[in-house]
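This report refers to the structure that appears directly beneath it.
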Number of protein chains: 2
Amino acid sequence: MQHINWDNLRYVLMVANKGSIAAAARELEVNRTTVLRRINKFQENLNCRIFDRGDAGYVLTPEAEKMIHAAREVENTLFDMQRQIAGHELKLEGELRVTTTDSFMLSVLGPHLATFRQKHPHIVVDVLVTNSLLDLTRRDADVAIRPTSAPEASLVGRRLCDVEFGVYAVPEVLTALEPDSVLDARWIGFADSLQSTPIGSWLEATVKQQNICLRCDSFVAIRIAAEAGIGLALLPRFLGDDSAKLVRLQLPVDELTTGLWILTHPDLVRSARVNAFVQHFTEALSAP
Amino acid sequence: MQHINWDNLRYVLMVANKGSIAAAARELEVNRTTVLRRINKFQENLNCRIFDRGDAGYVLTPEAEKMIHAAREVENTLFDMQRQIAGHELKLEGELRVTTTDSFMLSVLGPHLATFRQKHPHIVVDVLVTNSLLDLTRRDADVAIRPTSAPEASLVGRRLCDVEFGVYAVPEVLTALEPDSVLDARWIGFADSLQSTPIGSWLEATVKQQNICLRCDSFVAIRIAAEAGIGLALLPRFLGDDSAKLVRLQLPVDELTTGLWILTHPDLVRSARVNAFVQHFTEALSAP
DNA sequence: TTAATATGCTGCATATTTGCAGCACTATAG
DNA sequence: CTATAGTGCTGCAAATATGCAGCATATTAA
């Protein structure tokens with residue numbers, strides 16, 4: 001009996017998740033051919049057809065559903081295991097993965113990463129700047145710094161500071177405004193992960209859909225668009241006030257003030273590296 | 001972050017089970033160096049020391065205990081999965097693993113394997129002749145043919161026929177016997193898996209320990225030893241009666257009559273191959 | 001004591017896996 | 001319609017994993 005290669009299971013699961021060899025290969029950061037061959041080898045060893053060819057990739061056979069369920073169990077067990085191990089790591093050295101958005105990278109993390117590096121020269125920080133949410137459960141990242149009104153219950157962390165918002169535009173846009181017609185003007189909206197935040201909800205409730213003329217998933221990009229005169233923009237004040245071209249409107253949006261949080265997985269709270277990082281940024285950014 | 005190779009987990013688990021690189025390599029049927037390198041790679045990627053050097057191999061570090069527990073869970077999940085898949089295999093082709101002892105191979109399976117092969121030419125039967133018990137849960141084998149008074153509750157199967165026993169010896173040994181001193185004579189005893197059977201218990205209760213001058217884990221080997229004049233032997237009648245050199249004693253051992261069973265795992269009862277095999281041998285061997 | 005057997009580990013040769021380039025096919029946009 | 005972008009798949013070259021031989025050390029048996 002031929003042993004199945006357990007590592008091929010990881011590939012099978014990714015193809016099942018992503019729906020195609022090519023997409024799975026991108027996620028796994030290997031060549032497409034590798035994924036194809038491993039899938040075929042796995043099916044051959046197991047003597048079981050897991051995938052059928054679909055229009056745009058691979059679809060699971062009905063009989064493989066249970067198998068994928070088992071594979072997911074295995075994956076969860078192994079992620080748990082890895083977090084447990086990482087959570088007990090007491091050395092102030094090695095890799096630490098931190099995720100945040102481009103805007104907070106620009107404004108918040110940049111200066112303090114240098115001081116952290118000076119204090120802990122043997123910790124290698126991988127900063128993952130992305131405007132989509134990385135999954136701390138799956139070890140996509142060890143620490144997340146992001147704004148949220150209510151952190152996920154499964155994570156632990158602390159509030160670093162408040163992020164205040166303001167509505168901004170270039171003077172040309174403001175001049176063209178009719179009195180009391182701010183909400184009928186052209187606005188820059190939110191895409192993807194920004195859409196499902198409280199500020200995204202606010203904008204959706206406040207501005208008519210046809211008045212949204214552009215959507216971005218990044219505050220930096222929104223600022224650039226606003227500076228180009230595309231429309232009104234709701235921005236964190238640290239970004240808007242910092243622009244030489246933008247003027248802030250006297251539109252009260254205090255209720256949108258949001259906490260900036262530093263979060264990690266409960267399994268990682270005892271990790272020396274994670275602790276060092278959280279402590280450093282808490283001290284650097286906390287309100288007095 | 002470096003992905004851990006899930007297949008290395010299989011190696012880690014085997015080293016944990018066997019206690020040394022060398023023993024694990026034998027079990028996994030790979031070179032020792034391969035095991036060593038995979039262990040080291042796994043520890044390096046996980047940044048966690050799993051094993052310490054012991055006097056005679058590798059011992060688990062205390063912090064790795066939880067990890068091994070998780071690995072065992074993974075293993076069980078994957079064995080379950082494989083059995084589920086194999087259990088739904090409807091083709092009368094491919095590999096089938098059958099385990100039995102050398103004595104039943106000689107006397108029972110041999111002739112009927114040929115007729116099975118004629119009937120099902122696309123099923124490849126791997127016969128695992130061993131006097132130790134293979135684990136059907138772990139897929140060491142798909143079907144077991146062995147004598148037992150009570151099959152394991154977790155397995156399913158049927159009773160093929162009765163195996164009657166008799167006490168045998170060569171005439172020279174019988175001539176040297178004092179009257180009514182059979183139980184004080186020299187006997188050939190049972191080793192390993194035969195020891196913990198009802199016949200093993202009977203012999204232990206019936207013959208004094210100092211009168212056991214040899215132990216074997218195989219009835220074929222016991223017959224050979226008896227034919228060499230070493231002592232008295234308790235043998236299945238199909239083996240003893242078939243010997244030109246051995247004489248059967250008029251010692252009543254009817255209560256030792258044991259069922260010969262064909263067993264499989266519940267997950268495999270719907271497999272076409274398993275069913276074909278079980279049916280064939282049931283018909284061939286069942287009492288009328 | 002010596003010899004044999006077991007263990008882990010290192011360096012070189014061989015085998016296997018992976019990446020790359022390209023092909024065929026399908027769907028979409030201009 | 002053509003061009004582009006996406007998909008899966010095949011064959012060759014490069015990279016990686018594995019096996020083999022041998023060394024060092026420890027244990028056991030004669």
Side-chain angles (χ1 to χ4, degrees), chain A residues 1-62 64 67-68 71 78 132 191-192 214-215, chain B residues 1-64 67-68 71 215:
Chain A
M1 181 177 71
Q2 293 194 299
H3 285 291
I4 59 165
N5 181 336
W6 288 5
D7 204 48
N8 288 349
L9 198 60
R10 193 159 62 91
Y11 285 73
V12 167
L13 197 46
M14 192 60 82
V15 171
N17 289 342
K18 295 287 175 178
S20 75
I21 301 277
R26 283 192 295 271
E27 190 69 38
L28 293 162
E29 296 181 320
V30 294
N31 193 277
R32 278 175 298 158
T33 327
T34 300
V35 177
L36 180 68
R37 288 180 187 137
R38 280 177 172 243
I39 298 296
N40 287 342
K41 191 68 187 274
F42 190 77
Q43 288 183 132
E44 182 194 313
N45 284 351
L46 209 50
N47 195 23
C48 171
R49 212 175 74 255
I50 301 166
F51 297 109
D52 288 325
R53 284 284 297 270
D55 288 344
Y58 272 25
V59 293
L60 278 174
T61 61
M67 200 225 85
I68 294 297
L78 292 180
S132 56
D192 293 348
L214 180 73
R215 292 181 192 277
Chain B
M1 180 177 73
Q2 292 192 301
H3 285 291
I4 61 165
N5 180 337
W6 288 6
D7 203 49
N8 288 348
L9 198 60
R10 194 160 58 92
Y11 286 73
V12 167
L13 197 45
M14 191 60 81
V15 172
N17 289 341
K18 295 287 175 175
S20 76
I21 302 275
R26 281 192 295 272
E27 190 69 39
L28 293 162
E29 297 183 318
V30 294
N31 193 277
R32 280 174 296 156
T33 327
T34 300
V35 176
L36 179 69
R37 288 181 187 137
R38 279 176 173 244
I39 298 297
N40 287 342
K41 191 68 189 270
F42 191 76
Q43 289 183 133
E44 183 193 312
N45 285 350
L46 208 50
N47 194 24
C48 171
R49 212 172 77 252
I50 301 165
F51 297 108
D52 288 325
R53 284 285 295 271
D55 287 343
Y58 272 26
V59 292
L60 279 173
T61 61
E63 53 267 22
M67 202 226 83
I68 294 296
R215 290 180 193 279

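The chains referred to below are lettered A, B, ... by the order of the sequence lines, with proteins before strands, and numbering in each begins at 1. As a basis for the values below, the full set of heavy atoms in this structure was taken, side chains included, without hydrogen atoms, waters or symmetry mates.
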Any donor-acceptor pair under 3.5 Å from Gln43(A) side chain to Arg38(A) backbone: no
Rounded interatomic separation in angstrom, taking CG from Asp7(A) and C1' from dA17(D): 13 Å
Under the salt bridge (charged side-chain N to carboxylate O under 4.0 Å, His left out) test, residues paired with Arg37(A) that sit two or more places apart: none
Atom-pair distance (CZ on Phe42(B); P on dA17(D)), nearest Å: 15 Å
Letter per nucleotide, 5' to 3', of nucleotides 11-30 of chain C [B base touched, S only sugar-phosphate touched, - untouched; heavy atoms, 4.0 Å]: BB-----BBBBB--------
Nucleotide of dT7(D), dC9(C), dG8(C) approaching Ile21(B) most closely (side-chain heavy atoms): dG8(C)
Euclidean distance, atom CG of residue Asn40(B) to atom P of dA17(D) [Å, nearest integer]: 13 Å
Atom-to-atom span, CZ of Arg26(A) to C1' of dG8(D) - whole angstrom: 13 Å
Side-chain donor/acceptor of Glu27(A) to backbone N/O of Ala22(A), under 3.5 Å: no
Nearest-angstrom distance from the residue atom CZ of Arg10(B) to P of dT18(D): 10 Å
Side chain proximity check, Leu28(B) to Thr34(B), heavy atoms < 4.5 angstrom: no
Close side-chain approach of Ile68(A) and Asn17(A), heavy atoms under 4.5 Å: no
Interatomic distance, Leu28(B) CG vs dT18(D) C1' [rounded to whole Å]: 14 Å
Rounded distance in Å - CZ (Arg53(A)) to P (dG6(D)): 17 Å
Rounded distance in Å - CZ (Phe51(A)) to P (dT7(D)): 15 Å
Side-chain (Ser20(A)) to main-chain (Tyr58(A)) donor-acceptor, under 3.5 angstrom: no
